[in-house]
Amino acid sequence: MGRRAIYPGSFDPITMGHIDIIERSARLFDEVVVAVLLNVEKKPMFSPEERVEIISSINRWDNVSVDTFEGLLVHYAVEQNAQVIVRGIRAVSDYEYELQMALMNRRLEPSVETVFLMAGEAYSYLSSRLIKEVFKLGGSIEGLVPDPVERLMRDKLK
Ligand code: PNS
């Protein structure tokens, strides 16, 4: 049986940092499911359906698929027969929250292991939240998200 990993997140929108983590996960695991969390943020820039469409359009890996999930992540992981949850860690500041989630998830479902991957240092300061803020205030986000995503973001502002 192959190793299947879930890479969960909001991905509103997907950034170069996320893509770097997907790339690394696709090399490590037999299958990777990028799982977009449904219905949490009150005012997302992109709907979950749009986010799935965006991620699918830039999916260049044979072993990566895109899906949505709701409810507990570990329930979804079990349902998907996944053994691993992948999370990207950028800086020490991410660690505390990620540790809490990993330990809670382990308590809820000991059969699922959380694996942390470090994105390339060029992406270590990227977050969807900051990218949206800079973009809305007129700053350049070139190179921080894929070009099609930047175009779609521009359409949203129109
Ligand atoms: O990209 P994000 O917003 O940092 O991702 C957070 C995410 C989706 C991984 C987290 O919020 C999550 O797993 N939500 C699902 C609900 C759940 O399982 N909560 C308990 C986590 S300990």
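Whatever order the structure lists them in is the order used to number ligands and atoms, beginning at 1.
Nearest-heavy-atom check against atom 8 (C) of ligand 1 across V74, I6, L37, L103 picks out L37. When the heavy atoms of L72, V36, D94 are ranked by distance to atom 17 (C) of ligand 1, first place goes to L72. Between the choices A77, P8, G71, the shortest heavy-atom distance to atom 15 (C) of ligand 1 belongs to G71.
The nearest heavy-atom contact from the protein to atom 10 (C) of ligand 1 is M101 SD, 3.9 Å. In terms of protein heavy atoms, atom 18 (O) of ligand 1 is closest to L73 N, 2.8 Å. Protein heavy atom nearest atom 21 (C) of ligand 1, with residue, atom name and distance: N105 OD1, 3.8 Å.
Of the candidates V78, I85, L73, L72, E109 forms a side chain to side chain contact (heavy atoms under 4.5 Å, CB included) with just one, namely V78. For the side chain to side chain contact (heavy atoms under 4.5 Å, CB included) test with L117, the passing option among L28, I89, I22 is L28; the others fail.
Within the 4.0 angstrom cut-off, atom 12 (C) of ligand 1 has no protein heavy-atom neighbours.
At least one heavy atom of F69 lies less than 4.0 angstrom from ligand 1.
Some N or O of R87 is nearer than 3.5 Å to an N or O of ligand 1, by distance alone. Between S10 and ligand 1, at least one pair of N/O atoms sits closer than 3.5 Å.
Remark: T114 OG1 to E98 CD distance equals 8.5 Å, nearest 0.5 Å. How far CZ of R4 is from CG of N63: 11.0 Å, rounded to the nearest 0.5 Å. Here the CD1-OH distance, from I131 to Y125, works out to 8.0 Å after rounding to the nearest 0.5 Å.
Proximity to M104 (heavy-atom distance under 4.0 Å) selects the following atoms of ligand 1: 22 (S).
Salt-bridge formation is detected for the pair R24/D20: a Lys NZ or Arg NE/NH1/NH2 atom is positioned less than 4.0 Å from an Asp or Glu carboxylate oxygen.
Smallest separation of non-hydrogen atoms from T68 and Y76: O-CE1, 3.9 Å.
Side-chain atoms of R51 come within 3.5 Å of backbone N or O of F46 as a donor-acceptor pair.
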